[in-house]
2 protein chains.
Amino acid sequence: MEPTPSAEERILRAALRRFAVEGLGAPLRAVAQDAGVSAGLIIHHYGSREKLLEACDRQALKATRESKLDVMSGGSGAMLAQLAEIEHYAPVIGYVLRRLQAGGPLARQLVDDFAADALVYLEQGTAAGLINPSRDPEARARALTQMALGSLLLQLPAQREPLDLTELPAWLRSYSEALSAPVLEIYSVPLLTDTSMLDAYVAAASEGDSAAPTTEGAPS
Amino acid sequence: MEPTPSAEERILRAALRRFAVEGLGAPLRAVAQDAGVSAGLIIHHYGSREKLLEACDRQALKATRESKLDVMSGGSGAMLAQLAEIEHYAPVIGYVLRRLQAGGPLARQLVDDFAADALVYLEQGTAAGLINPSRDPEARARALTQMALGSLLLQLPAQREPLDLTELPAWLRSYSEALSAPVLEIYSVPLLTDTSMLDAYVAAASEGDSAAPTTEGAPS
DNA sequence: CACTAGGCTATACACGTGTTCAAACCGTGC
DNA sequence: GCACGGTTTGAACACGTGTATAGCCTAGTG
């Protein structure tokens, strides 16, 4: 398509891929070699390593948003795997995972985005009668998003061992298949037999000034 | 109590604390300085940096097990915060979090332990009539554990910025309070209005050879 | 008291990192 | 034909890392 992408673009692409494979913190010289370019040129174009990371962040956020990438609370892996099969998107998914793992400003941004997306999906489901309404839809969407992303992150291979982008779709798929049965159950039949705990909690929370009950942890 | 702990012990303690604060990958010389000891001595006693990490892993696993540290699925932060207030345990909790974040063999071991603990708690709850039984108790316990640990991990401050061990209990507590309402709701009133999706999934999964339904992701 | 073994330190080494810099290269317009 | 501005390179620098080595100082022992 594009006969010869500019070096600056090649660098960004190579960086995204390298960082996805080896984790953020991969040496600059490695991405330079991937891009078929000298190490100094990266600095010349992006100013510093950190700037390059920021550029990758912007790129990942853009690609994430325009691909309407949503994690979905339940079968988080399912849609990710579906998307990761498209050759082009595997690196950004890997980079997003690594960025979530490493923290930073983008991480918060991403979970906010995902939570917002999840919220509208949940509302659609509620309108369609598939999903029960919530006392606090935003909080519920955020909690579900965090749990989905978090459990995925927990399963992510360690940073040291590089993750194979070609096997990433299969890996995501197997992960989601292993988990979808139990979470589907959790979402279908409630964990707790009654709502007494929830009632007690919200009662205590609304009656006290702002504090929640102190010593009582959720039993499950 | 112990008038002067041996240098080897001081090193291990300092390492656990430093790694918890700055993340694994903190320089050896930093833990050396914390222990009031030269850098070479660490090598002399533990052989290499990696060996020291393994020693920390053993120590953390031991402390975790003998303190009956359980994350609990729902208010994961609650009990952790309670435990973190005990001066002695804050470093190991921090180290465990960092180790979960970094991956490695211990990470798997820890989630296995936590899942096993969660399983017995869930079974006790089921016996007491507080918790609904599951089609697959092990899988459910594991899923709940992964979600709890994962969402906690997602909220963990970035590796670069050190985490303040003295504020760790407060941080864990605020985290758990922010999340316990929505997860309590999720565990009380089911997300899905009926069990048709779960039924369809288990039907498809048991009828096909081993595969689960391919294109259908969970709607939430 | 001499001597030795081992905890312990300080220095040095090898290596990989990000970054800088001067020079070479290349296309373009005068 | 030629100077010029941007691109690109390769070598070099400064620094922080883990680790090896050689020595010191103390305690215990004959």
Side-chain angles (χ1 to χ4, degrees), chain A residues 2-59 95 98-99 101-104 158-162, chain B residues 2-59 95 98-99 101-104 158-162:
Chain A
E2 323 99 67
T4 311
S6 97
E8 189 169 340
E9 210 174 314
R10 261 180 345 196
I11 290 176
L12 190 60
R13 247 195 275 270
L16 215 70
R17 175 173 291 263
R18 249 310 175 192
F19 288 146
V21 170
E22 291 192 351
L24 321 187
L28 269 191
R29 287 173 163 92
V31 334
Q33 190 166 354
D34 287 1
V37 134
S38 117
L41 192 62
I42 300 183
I43 298 290
H44 180 247
H45 276 303
Y46 292 91
S48 79
R49 176 195 170 79
E50 194 141 353
K51 300 268 195 66
L52 176 64
L53 262 308
E54 292 172 13
C56 287
D57 280 1
R58 280 191 297 271
Q59 171 71 13
Y95 182 85
R98 286 251 126 100
R99 176 46 93 185
Q101 191 174 35
Q159 293 173 312
R160 61 147 48 123
E161 40 199 338
Chain B
E2 323 100 69
T4 311
S6 99
E8 188 169 340
E9 210 174 313
R10 262 181 343 193
I11 290 177
L12 190 61
R13 247 196 275 270
L16 215 71
R17 175 173 292 263
R18 254 297 181 200
F19 288 146
V21 170
E22 292 192 351
L24 321 188
L28 270 190
R29 287 172 163 91
V31 335
Q33 190 166 355
D34 287 1
V37 136
S38 115
L41 191 62
I42 299 183
I43 298 292
H44 180 243
H45 275 304
Y46 291 91
S48 79
R49 176 194 171 80
E50 194 140 354
K51 299 269 195 63
L52 176 65
L53 262 308
E54 292 171 13
C56 286
D57 280 1
R58 281 191 297 272
Q59 171 71 14
Y95 182 86
R98 287 252 127 98
R99 176 45 92 187
Q101 191 174 36
Q159 293 173 314
R160 61 148 48 123
E161 39 200 337

Would you compute the distance between atom [atom1] of [X] and atom [atom2] of [Y] and round it to the nearest 0.5 angstrom?
X	Y	atom1	atom2	result
B/Q33	B/R18	CD	CZ	7.5 Å
A/C56	A/R98	SG	CZ	14.0 Å
B/Y95	B/L24	OH	CG	5.5 Å
B/L16	B/L52	CG	CG	9.5 Å
B/D57	B/Q59	CG	CD	10.5 Å

Measure [atom1]/[X] against [atom2]/[N] and give the value in whole Å, please.
X	N	atom1	atom2	result
A/Q33	C/dG16	CD	P	14 Å
A/Y46	C/dG18	OH	P	16 Å
A/E22	C/dG16	CD	P	14 Å
B/R10	C/dG7	CZ	C1'	11 Å
B/E8	C/dG7	CD	C1'	11 Å
A/L41	C/dT19	CG	P	14 Å
B/H44	C/dA5	NE2	P	14 Å

Across all chains, not counting sequence neighbours, the side chain to side chain contact (heavy atoms under 4.5 Å, CB included) partners of B/P162 are B/V21
Between [X] and [Y], is any pair of side-chain heavy atoms under 4.5 Å apart?
X	Y	answer
B/Y46	B/E54	no
A/D34	A/R17	no
B/R99	B/L53	yes

Sugar-phosphate atoms are those with a prime plus P, OP1 and OP2; base atoms are the rest. Using that split, label each nucleotide of nucleotides 17-28 of chain D B, S or - for protein heavy atoms under 4.0 Å, 5' to 3'. BBB---------
How would you label the contact of B/H45 with the nucleic acid (heavy atoms, under 4.0 Å): base, sugar-phosphate, or nothing? sugar-phosphate
How large an angle, rounded to 10°, do the end axes of the helix from C/dC1-D/dG30 to C/dC30-D/dG1 enclose when each is built from five base pairs? 30°
